[in-house]
Structures are given as C-alpha cells and as structure tokens.
Amino acid sequence: MTKTMKRRCDLCGKSVKLVQTECCGQWICDDEDSYVLFSYARDSCSRNHRRYTLCGYHSAEEHAGSWKACSECRTSFEMEMYVYYGTNEYNFEKLENPPAYAPTKCARCKAIISLGTDGYSQRGGAYYCEDCSAEEMAKPINKRRPS
C-alpha cells in the first residue's frame with residue numbers, strides 16, 4: 001500500500017478504527033462494541049456483515065469452500081432470505097444471478113412483506129405484516145388436545 005492510499009472500510013468508507021473480517025479479510029469498521037443489545041440497529045458495519053450476509057454466516061458455521069457455491073448455505077434459509085443475505089448492502093461481493101422466489105405475503109391482508117427489511121410476525125407457517133401483527137398475535141393459540 002502506498003503512502004497516499006489510506007485504508008477504508010469497504011462498506012461505509014470510514015478510515016479510522018478498522019479491522020479485517022474473519023470471513024473474507026476485507027477492511028471494515030471495528031464498531032461492534034458500540035452496538036446496543038436488542039436495539040436491532042443496523043449501524044455497525046462489522047456486525048451487519050457478520051450477521052446479515054451469506055459470507056459471514058458461511059464463515060461462522062465453518063462451511064467448506066466458497067459461500068457463493070455452498071449448498072449448505074442455500075438450504076439454511078427460506079429462498080427470500082438467502083437472496084437477501086447474498087445481495088444486500090452489507091456484502092463486499094454480491095451473489096451473481098440470485099434465484100427467483102415468490103414474494104412473502106401477509107396471511108391476513110395479503111400485503112407483500114420483505115423478510116430482510118420489514119417488520120413482521122410469524123405464527124406457525126403464516127407471516128403477518130406489522131399492521132396486522134398486533135391483532136393476530138392477540139388471538140389465543142389453538143392447542144390440540146392429545147387423543
């Protein structure tokens with residue numbers, strides 16, 4: 001590296017307090033210590049790459065080979081989340097030619113829910129948008145009695 005080139009976070013461009021990722025060796029902000037537990041904030045470059053990308057998941061799960069060709073990664077998530085984790089803004093490299101998937105819809109109002117970015121609730125195999133979640137989750141759970 002020449003004197004005129006300064007290392008930068010490959011996601012946000014900042015040039016202070018950097019570390020290389022364990023998964024792919026890219027330079028990234030060393031900012032996980034500023035994350036507030038249970039805030040679900042997405043302002044930590046390091047945490048976002050580690051938790052919301054296939055690259056980070058692949059490394060954490062110690063899968064072999066490249067995350068881009070990993071069949072274990074591909075079957076670990078619903079297809080919508082697999083595509084999101086492989087193409088979102090927290091990636092250094094994005095999944096080329098991501099597979100198609102049917103959009104997730106609210107079981108109640110049929111609004112499209114983006115599982116990677118929208119608020120939603122899940123009950124059984126059904127998804128509910130943020131607007132419908134409160135009423136749906138207030139309903140009692142139907143429990144089957146043993147025969």
Going through the checks in order, is the salt bridge (Lys or Arg N to Asp or Glu O under 4.0 Å) test met by Asp33 and Lys17? CA-CA 11 Å; Asp33 61 333; Lys17 198 176 174 195; 3.0 Å; yes

Which pairs pass salt bridge (Lys or Arg N to Asp or Glu O under 4.0 Å) with one or both residues in residues 93-115, sequence neighbours excluded? Lys68-Glu93, Arg108-Glu135

Just verifying a value: how many Å separate Asn88 CG and Thr53 OG1, rounded to the nearest 0.5 Å? 7.0 Å

Minimum side-chain heavy-atom gap Asp31-Cys45 below 4.5 Å: yes

Looking at residues at least two apart in the chain, or sitting in another chain, which of them share a side chain to side chain contact (heavy atoms under 4.5 Å, CB included) with Glu78? Leu115, Tyr127

Looking at side-chain heavy atoms only, is the closest gap between Tyr120 and Glu130 below 4.5 Å? no

From NZ (Lys14) to SG (Cys9), nearest 0.5 Å: 8.5 Å

Do the side chains of Cys29 and Cys12 get nearer than 4.5 Å, heavy atoms only? yes

Drop me the distance from Trp67's CH2 to Cys55's SG, to the nearest 0.5 angstrom. 7.0 Å

Determine whether Met137 and Ile113 fall in the same hydrophobic cluster, where Ile, Leu, Val, Met, Phe, Trp and Tyr are linked whenever their side-chain heavy atoms lie under 4.5 Å apart. no

Treating His58 as the side-chain partner and Cys23 as the backbone partner, does any N or O pair qualify as donor plus acceptor under 3.5 Å? no

Within the distance-only criterion (no hydrogens, no angle test), does the side chain of Asp10 pair as donor or acceptor with the backbone N or O of Ile28 below 3.5 angstrom? no

Side chain to side chain contact (heavy atoms under 4.5 Å, CB included) partners for Ala111, two or more places apart: Cys109

Residue list, ring-ring contact (aromatic ring centres under 6.0 Å, His included) with Phe77, at least two apart or on another chain: Tyr57, Tyr85

Partner residues of Pro99 under the side chain to side chain contact (heavy atoms under 4.5 Å, CB included) criterion, sequence neighbours left out: Arg74, Met79, Tyr82, Val83, Leu95

Give a yes or no on whether Glu22 atom CD has more than 12 heavy-atom contacts from other residues, nucleotides or ligands under 6.0 Å away. no

Set of ring-ring contact (aromatic ring centres under 6.0 Å, His included) partners for Tyr84, sequence neighbours left out: none

If we count only N and O atoms by modelled type, under 3.5 Å, do the side chains of Glu32 and Ser46 hold a donor and an acceptor together? yes

Under a 3.5 Å distance rule, please check whether Arg7 uses its side chain to pair with a backbone N or O of Leu18 as donor and acceptor. no

Is there a side-chain contact between His63 and Cys73, using heavy atoms and a 4.5 Å cut-off? yes

If you measure from OG on Ser34 to CZ on Arg47, what distance do you get to the nearest 0.5 Å? 10.5 Å

Give me the ring orientation class for Tyr52 and Tyr90: parallel if the planes are under 30° apart, tilted from 30 to 60°, perpendicular past 60°. tilted

Can Glu72 and Glu61 be said to form a side chain to side chain contact (heavy atoms under 4.5 Å, CB included), step by step? CA-CA 10 Å; Glu72 285 182 274; Glu61 294 298 312; over 6 Å; no

Spacing of CG belonging to Leu11 relative to NE2 belonging to His49, to within rounding of 0.5 Å: 7.0 Å

Can a donor-acceptor pair be found between the side chains of Glu80 and Thr104 at a distance below 3.5 Å? yes

Quick one: does any side-chain atom of Thr21 pair with a main-chain N or O of Gln26 as donor and acceptor, under 3.5 Å? yes

Within this structure, what is the CH2-CZ distance for the pair Trp27 and Arg8, rounded to the nearest 0.5 Å? 14.0 Å

